[in-house]
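What follows is a single structure, written as structure tokens, with notes after it.
In listed order, ligands and their atoms are each counted from 1. One-based numbering along the sequence shown.
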Amino acid sequence: MKKKSPKINILEQDEEIHKLVKTVVGDEGFHIINHLFAVEKADEFEIADSLEEDVNFVRSVMYKMYTNNLVSYTRRRDPERGWYIYTWELIPQKLYHALINSKQKKLDKLFKQVEEEKNKEQVFHCPTCMINLEFPKALELSFSCFACGGMLQPLNNVDLIKNLDHEIKGLSEKICILKTKLNEL
Ligand SMILES: [Zn+2]
């Protein structure tokens, strides 16, 4: 893996990475990940020793990271005791990939939502009775409310679409920034 110096602590300096890791391991596990970031690679006993933490706690934090695909490990068998010792490695690229993936999923949903809104049949609305009617029904009623006889108003989703478009733009920009950061690692 290529290295650059000085190493920026993305866990402390990148707000989104910070939040992601805290969401996964909680406040109580964060210092363990911070330590792993500093040393890059360590087995759970080394981490526990360095931080004077219980090895089971360290392991539980690492499993949380691992199930979210944020760390890698290699394992070797302890020749004396016969059990496996896991060496954990924090790979910053994985953190950025996770952020990009979750934002991409959200973006796909927004695209779908905006498409649905654009394809929606015009809805008509009675402001007095708060009734919504689809276009064919409103036409049948000559655009007057069946309950109060008042004039039906077209209910448009232009503002909603505008907001969704705005959200899409913001999210796309964020993904772009994250991809740039990922490439600079
Ligand atoms: Zn009405």
Side-chain angles (χ1 to χ4, degrees), residues 8-34 36-37 57 59-72 90-185:
I8 296 165
N9 187 341
I10 53 168
L11 295 177
E12 297 290 3
Q13 291 175 21
D14 192 313
E15 206 181 311
E16 286 192 286
I17 297 286
H18 187 90
K19 223 172 107 187
L20 169 70
V21 171
K22 278 211 169 166
T23 307
V24 173
V25 302
D27 284 340
E28 67 281 5
F30 188 79
H31 68 293
I32 290 174
I33 306 307
N34 219 354
L36 185 60
F37 178 80
F57 176 63
R59 201 172 284 147
S60 75
V61 167
M62 289 307 156
Y63 280 138
K64 282 179 195 162
M65 290 291 281
Y66 182 71
T67 51
N68 284 277
N69 195 27
L70 300 176
V71 285
S72 296
L90 190 70
I91 299 167
Q93 281 85 346
K94 279 183 179 280
L95 297 172
Y96 281 101
H97 276 302
L99 281 182
I100 290 167
N101 285 343
S102 84
K103 286 197 195 311
Q104 192 63 51
K105 269 184 201 155
K106 203 174 157 197
L107 188 62
D108 292 344
K109 264 188 206 158
L110 285 173
F111 275 129
K112 219 177 139 194
Q113 201 184 342
V114 92
E115 206 49 44
E116 278 169 13
E117 287 299 328
K118 282 177 180 168
N119 290 332
K120 250 189 199 167
E121 194 147 23
Q122 177 84 64
V123 169
F124 287 81
H125 174 76
C126 173
T128 313
C129 310
M130 303 302 283
I131 289 168
N132 289 338
L133 296 165
E134 305 249 314
F135 177 75
K137 188 72 191 164
L139 184 66
E140 202 184 296
L141 296 167
S142 307
F143 302 100
S144 51
C145 175
F146 61 81
C148 71
M151 187 76 162
L152 294 173
Q153 312 287 332
L155 195 68
N156 68 43
N157 55 4
V158 172
D159 284 344
L160 177 61
I161 291 172
K162 213 186 273 175
N163 285 342
L164 288 172
D165 280 337
H166 186 74
E167 224 179 308
I168 284 172
K169 191 166 169 270
L171 201 53
S172 304
E173 281 166 4
K174 276 186 187 161
I175 291 173
C176 237
I177 292 169
L178 285 171
K179 284 183 176 169
T180 308
K181 282 181 182 173
L182 177 63
N183 287 332
E184 282 168 356
L185 285 175

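- Test T180, L178, N183 against Y96 for side-chain contact (heavy atoms from CB on, under 4.5 Å) and you get one pass: L178.
- Protein N/O/S atoms found under 2.8 Å from the Zn ion (ligand 1): C126 SG, C129 SG, C145 SG, C148 SG.
- At least one donor-acceptor pair closer than 3.5 Å links the side chain of N119 to the backbone N or O of E115.
- The aromatic rings of H31 and F57 sit parallel to each other, their planes meeting at less than 30°, with 60° as the upper class boundary.
- Between the side chain of N9 and the backbone N or O of E12 there is at least one donor-acceptor pair closer than 3.5 Å.
- E173 places a side-chain heavy atom less than 4.5 Å from the side chain of K169.
- Using a distance-only test at 3.5 Å, with no hydrogens or angles considered, no donor-acceptor pair links the side chain of Q122 to the main chain of E134.
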